[in-house]
Protein chains: 2
Amino acid sequence: MNNKEILIKNGISPSFQRLQVYSYLRKNNVHPTAFKIYNDLKKQIPTLSKTTVYNVLKLLAGKNLIREVKIEDNELRFDAVLQEHGHFKCSECGKVTDVFYDKEFVDFIEKRNKITDIQFNIIGICENCLNNKN
Amino acid sequence: MNNKEILIKNGISPSFQRLQVYSYLRKNNVHPTAFKIYNDLKKQIPTLSKTTVYNVLKLLAGKNLIREVKIEDNELRFDAVLQEHGHFKCSECGKVTDVFYDKEFVDFIEKRNKITDIQFNIIGICENCLNNKN
DNA sequence: TCATAATTTATACTTATTACAATTATGTAA
DNA sequence: TTACATAATTGTAATAAGTATAAATTATGA
């Protein structure tokens, strides 16, 4: 199923801009901010508006096609990998990588509460940056 | 060791405002936002400035006496419970409660990377709100 | 008491996100 | 095809959290 079909299946009419934003997120799996998405896509779509990007992101997140990722203040990032996982952000190089964790204790919480979102973010310095320092 | 002594021990001169903010966080373990702290304390300290609250919070966080907790956009919350744990925020009543989790896989990550902060936030509907609905 | 440093305060600024109204595109019935 | 209704996009202005800055106040120590 391609990106266009996924949008349609989720009740989103696949306009050009929506398809571009969604495709960008699925291709560039780097947890970009809204501004980065806007900035990168503007090269291909010069008329693109920042509001559109925010609208589309909100729409996609509402349909659970992407996930909002909150790591640092003033930057909401987005992720098209839906499998349950956390994130590690290197405070040196800024890269955000995925961290997959055991579901056991999440299941425990889920027994009594209704979970709608999990944000698991680890901030630190990655192996690569640690080595480059010495 | 009382709050004043803790501040001194961590190299923070215990001014009235600093002591008030720190004591507030230790007493009111509800993960308040900076604005809530400011608003509540202003009743006792009418001259209190928002900037002071932000300054003190930053100072305390820098000395690891409190932890910044990022759960939803546009609201940075603060926590004086330093034991490693996550948070569950009920999207109905807004309450934030603590969730303690197994350290095993964090240790795994720590073997190769340097961890400076962990943000583990679960958003959902709490038992209480689920029951009240029916 | 006075000088100096530390702290607090008020104001202005930055920046991510949202609200809103105007414009443009799209799909359908005549 | 045309006209119209609806949906989508755009640009601008507003909102609000957090920060920078500098002035004012307070504390400290000789």
Side-chain angles (χ1 to χ4, degrees), chain A residues 3-4 7-8 10-24 31-63 65-79 89 94 96 119, chain B residues 4 7-8 10-25 31-63 65-78 94 96 119:
Chain A
N3 292 337
K4 191 171 181 175
L7 291 186
I8 292 167
N10 283 272
I12 297 174
S13 62
S15 74
F16 180 68
Q17 287 87 338
R18 286 170 178 173
L19 199 50
Q20 290 295 310
V21 170
Y22 185 52
S23 300
Y24 179 95
H31 316 77
T33 60
F35 186 75
K36 178 159 176 52
I37 298 169
Y38 164 70
N39 233 37
D40 286 357
L41 285 181
K42 213 164 61 162
K43 291 165 195 161
Q44 309 159 38
I45 319 165
T47 63
L48 185 66
S49 147
K50 222 173 11 165
T51 308
T52 300
V53 174
Y54 278 105
N55 286 344
V56 174
L57 290 172
K58 210 171 171 181
L59 183 68
L60 293 172
K63 299 282 185 177
L65 284 176
I66 62 171
R67 243 168 59 84
E68 298 181 343
V69 179
K70 296 137 200 155
I71 301 183
E72 308 231 336
D73 318 340
N74 299 332
E75 58 170 29
L76 189 54
R77 289 159 172 271
F78 297 88
D79 192 347
K89 168 162 179 169
V96 176
Q119 295 286 339
Chain B
K4 192 171 182 175
L7 291 187
I8 293 167
N10 283 273
I12 297 174
S13 63
S15 75
F16 180 68
Q17 286 87 340
R18 287 170 178 171
L19 199 51
Q20 290 295 309
V21 170
Y22 185 53
S23 299
Y24 179 96
L25 273 169
H31 315 79
T33 60
F35 185 75
K36 179 160 175 51
I37 298 169
Y38 164 70
N39 233 37
D40 286 356
L41 286 182
K42 213 165 63 165
K43 291 165 194 158
Q44 309 160 40
I45 319 166
T47 63
L48 185 66
S49 149
K50 219 175 13 164
T51 308
T52 300
V53 175
Y54 279 105
N55 285 344
V56 174
L57 291 171
K58 212 172 168 178
L59 183 68
L60 293 173
K63 299 280 186 180
L65 283 175
I66 62 172
R67 244 168 58 86
E68 299 182 342
V69 180
K70 296 138 200 155
I71 299 182
E72 308 232 333
D73 317 340
N74 300 332
E75 59 169 28
L76 189 54
R77 290 159 172 271
F78 297 88
V96 176
Q119 294 286 339

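Excluded from the calculations below are hydrogen atoms, water molecules and symmetry mates; all remaining heavy atoms, backbone and side chain alike, are included. All values reported here derive from a predicted model rather than from experimental measurement. Within every chain, numbering begins at 1; the chains are lettered A, B, ... in the order of the sequence lines, protein sequences first and strands thereafter.
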Below 4.0 angstrom from OP1 or OP2 of dT9(D), is there any side-chain N or O of S15(A)?
-> yes

Of dT7(C), dT17(C), dC20(C), the nucleotide closest to the side chain of T51(A) is dC20(C)

Nearest to the side chain of R18(A), which nucleotide is it out of dA8(D), dT10(D), dA19(C)?
-> dA8(D)

Separation of N39(B) atom CG from dA16(D) atom C1', in whole Å?
-> 14 Å

Indicate whether the side chain of S13(B) and that of R18(B) have a donor and an acceptor atom separated by less than 3.5 Å.
-> yes

Below 4.5 Å, heavy atoms only, C-beta onward: do Q44(B) and Q20(B) meet side chain to side chain?
-> yes

What does K50(A) touch in the nucleic acid at a heavy-atom separation under 4.0 angstrom: a base, only the sugar-phosphate, or nothing?
-> base

Any side-chain heavy-atom pair of L48(B) and T52(B) under 4.5 Å = yes

K4(B): side chain to side chain contact (heavy atoms under 4.5 Å, CB included) partners, not counting sequence neighbours | N2(B), I8(B), P14(B), L19(B)

Distance test, side-chain N/O of Q17(B) to OP1/OP2 of dT9(C), below 4.0 Å | yes

Return the value, rounded to whole Å, for the distance between atom OH of Y54(B) and atom P of dA16(D).
-> 13 Å

Compute whether any side-chain donor of one residue and acceptor of the other, for Y54(B) and K58(B), lie under 3.5 angstrom apart.
-> no

Should L60(B) and L7(B) count as side-chain neighbours, where that means a heavy-atom distance under 4.5 Å?
-> yes

Given atom CG of L41(B) and atom P of dT8(C), what is their separation to the nearest angstrom?
-> 13 Å

Nearest whole angstrom, please: distance from the P of dA6(C) to the CG of L59(B).
-> 13 Å

Is there a side-chain contact between L25(B) and L57(B) (heavy atoms, below 4.5 Å)?
-> yes

Rounded to the Å, how far apart are N55(B) CG and dG18(D) P?
-> 13 Å

Would you mind reading off the distance between L48(B) atom CG and dT8(C) atom C1', rounded to a whole angstrom?
-> 9 Å

Rounded to the nearest Å, what distance is computed from the CG atom of residue L7(B) to the P atom of nucleotide dT7(C)?
-> 12 Å

When you check the phosphate oxygens OP1 and OP2 of dA8(D), does a side-chain N or O of S13(A) lie under 4.0 Å from one of them?
-> yes

Tabulate atom names and distances for all N/O pairs under 3.5 angstrom spanning the protein and nucleotides 23-30 of chain D.
none

Let me know the distance between CD1 of I12(A) and P of dT26(C), rounded to the nearest Å.
-> 18 Å

